[in-house]
Amino acid sequence: MNRSHNLLLYFQKRGYYVCQRIADRLGIRAKIVRTSFMYLTFVTVGFGFALYLFLAFWMRIKDIVYTKRSSVFDL
């Protein structure tokens, strides 16, 4: 348990340092960088899933509308 906790603290410290350096470079608070990174992560995951559903719906509609007919009398 202690070893995993130390590993978690190590990664948090290094990850927060990256956010701190970005915030220092932009001249804003590090908390804003961290929260915007978290929100951006959730939005992009949700956007990918929504895009997948939209494309699946579009392909289904396309298949319904553009069915291949063998002759004119198949209407």
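Side chains included, hydrogens not; waters and symmetry mates left out as well; all remaining heavy atoms used.
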* **Atom of Gln20, atom of Ala30 and distance for their closest heavy-atom approach** => OE1-CB, 3.3 Å
* Working for side chain to side chain contact (heavy atoms under 4.5 Å, CB included), residues Asn6 and Arg3 -> CA-CA 5 Å; Asn6 288 338; Arg3 187 174 185 170; 5.6 Å; no
* Taking side chain to side chain contact (heavy atoms under 4.5 Å, CB included) as the test, write out the residues that go with Ile61, two or more places apart. => Phe57, Val65
N/O donor-acceptor pairs under 3.5 Å from side chains in residues 40-51, not counting sequence neighbours:
{"residue": "Thr41", "atom": "OG1", "partner": "Phe37", "partner atom": "O", "Å": "2.8"}
{"residue": "Thr44", "atom": "OG1", "partner": "Leu40", "partner atom": "O", "Å": "3.0"}
{"residue": "Thr44", "atom": "OG1", "partner": "Thr41", "partner atom": "O", "Å": "3.0"}

* To do: Only counting residues at least two apart or in another chain, list the ones meeting side chain to side chain contact (heavy atoms under 4.5 Å, CB included) with Ile22.
  => Val18, Leu26, Val33
